[in-house]
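One structure below.
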Amino acid sequence: MDGCLEASLSPLSIPEYVLGCSGRRMPLLGFGTAASPPVGSQFTKTAILQAIELGYRHFDTASLYGTEQPLGEAILEAIAVGLIKSRDELFITSKLWCSDAHGELVLPALQRSLKNLRLEYLDLYLIHWPVSSKPGIYEFPIKREDFLAMDFKAVWKAMEDCQRLGLTKSIGVCNFSCKKLGDILAFAKIPPAVNQVELNPLWQQKKLREFCKANGILLTAYAPLGAQGTIWGSNRVLECELLKEIAKQKGKTVAQICLRWAYEQGIGILVKSFNKDRMKSNLEIFNWSLSQEDVKKINDIPQSRLCSGQDYISKYGPFNTTQELWDGEI
């Protein structure tokens, strides 16, 4: 089954996308739990509970983030206090870290994530980056000498096995270029359902969007607002004069303009704010639209990547340059 947008809104007014292969319904606006620099578990848990109360149903975590455990605790508490009836009302994504990106380590890594989350299954499991590292070492940044070329066939086969076992309902990737996606598609029995990448009005990924659309892969945006406040992020998206101008004309925030633009392009969106007012504001993007003129202006913004991927480059390989990591898509 090809992925498709649902024309109708869910009861919580967050549109959903039916993922190819699994038929799983993924809310197109999700709540990210990565914090850079990290925050405490209790703080994360409280923010997730607030998000559930506001209507978020899609939550994105990763073994690297250290937020699987507080997310799992928040889910149990949300059920206990009646915010949701069961875990099945939620869409939970986690990710395979580089040191577990080895064929024989994928299943144990997913099982650890499920244990941390206190869940029986994930809705989506993603390869975090298209590179492996020395097994058993969980750190970021990864030491340059610890990087290893990923055995894509072995790792993807193990991801497919995880889906067949029912431990995850869908599988996908993060930070994959058109070329690397093409390499996976050439041998995959279950194609990636999602590719999660940096995407915002200042880095629109037009080539990758076209490739994913043609191959039934949902492109999902992290850093849709430029990841301001993180170690690697910047305020350049939220301070863009053109976006400010459009926001002022429409009586919206710059963040809402960015999120609405991404939604209108058919892109999944992950927002990360632990501020309750901003959490609420980020949800208020589905009952209005941008004009064709607004969209054209945004589409004409000069483009540059924010997340260079420099932390995944090593003189020892497998990627010696950012050109190699992104296959020229920079």
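Remember, it's a predicted structure, so these values are computed and weren't measured experimentally. Residues: numbered from 1 along the sequence shown.
By the ring-ring contact (aromatic ring centres under 6.0 Å, His included) test, Tyr121 is found to be paired with no residue, residues two or more places apart in sequence or in another chain being considered. With sequence neighbours left out, the side-chain hydrogen bond (donor to acceptor under 3.5 Å, both in side chains) criterion links Asp60 to Lys95, Gln196. Annotation: side-chain hydrogen bond (donor to acceptor under 3.5 Å, both in side chains) contacts of Ser94 (sequence neighbours excluded): Glu68.
Side-chain contact annotation: Ser304 with Arg236, donor-acceptor N/O pair under 3.5 Å present. Between Gln69 and Ser41, the side chains place no donor N or O within less than 3.5 Å of an acceptor N or O (distance only, hydrogens not considered). In this model, a donor atom of one side chain and an acceptor atom of the other lie less than 3.5 Å apart for Asn299 and Trp261. Between the side chains of Asn200 and Tyr222, no donor-acceptor pair is found at a separation under 3.5 Å. With no hydrogens or angles considered, a side-chain donor-acceptor pair links Asp100 and Tyr138 at under 3.5 Å.
Using a 4.0 Å cut-off between a side-chain N of Lys or Arg and a carboxylate O of Asp or Glu, Glu329 and Lys179 do not qualify as a salt bridge. Salt-bridge annotation for Lys85 and Glu89: absent, with no side-chain N of the basic residue lying under 4.0 Å from a carboxylate O of the acidic one.
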Next on the checklist: Before you tell me yes or no, could you show the steps for Lys206 and Glu210 under salt bridge (charged side-chain N to carboxylate O under 4.0 Å, His left out), namely the whole-Å CA-CA distance, both residues' side-chain angles and the distance that decides it to 0.1 Å?
Outcome noted: CA-CA 6 Å; Lys206 290 174 186 174; Glu210 287 170 13; over 6 Å; no
Checklist entry - Run the salt bridge (charged side-chain N to carboxylate O under 4.0 Å, His left out) check on Lys297 and Asp294 step by step: do they pass? => result CA-CA 5 Å; Lys297 284 180 183 175; Asp294 292 335; 5.1 Å; no
Next on the checklist: Working note: Glu241 + Lys244, criterion salt bridge (charged side-chain N to carboxylate O under 4.0 Å, His left out); need CA distance, chi angles, decisive distance, verdict.
Outcome noted: CA-CA 5 Å; Glu241 288 302 325; Lys244 283 182 174 179; 3.7 Å; yes
Next on the checklist: Between Asp123 and Arg24, does the salt bridge (charged side-chain N to carboxylate O under 4.0 Å, His left out) criterion hold? Intermediate values first, please.
Outcome noted: CA-CA 8 Å; Asp123 295 280; Arg24 206 81 186 154; 2.9 Å; yes
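Within 6.0 Å of NZ in Lys115 there are 12 or fewer heavy atoms belonging to other residues, nucleotides or ligands. With a 6.0 Å radius and a threshold of 12 heavy atoms from other residues, nucleotides or ligands, Gln292 has its CD atom at or below the threshold.
Of all non-hydrogen atoms in Trp288 and Glu284, the two that sit nearest each other are NE1-O, 3.1 Å. Between Ser314 and Phe147 the shortest heavy-atom distance is CB-CD1, 3.9 Å.
The aromatic rings of Tyr312 and Phe140 sit tilted relative to each other, their planes meeting at an angle between 30° and 60°.
With Phe187 as the aromatic partner, Lys189 does not meet the cation-pi criteria of under 6.0 angstrom to the ring centre and within 45 degrees of the ring axis.
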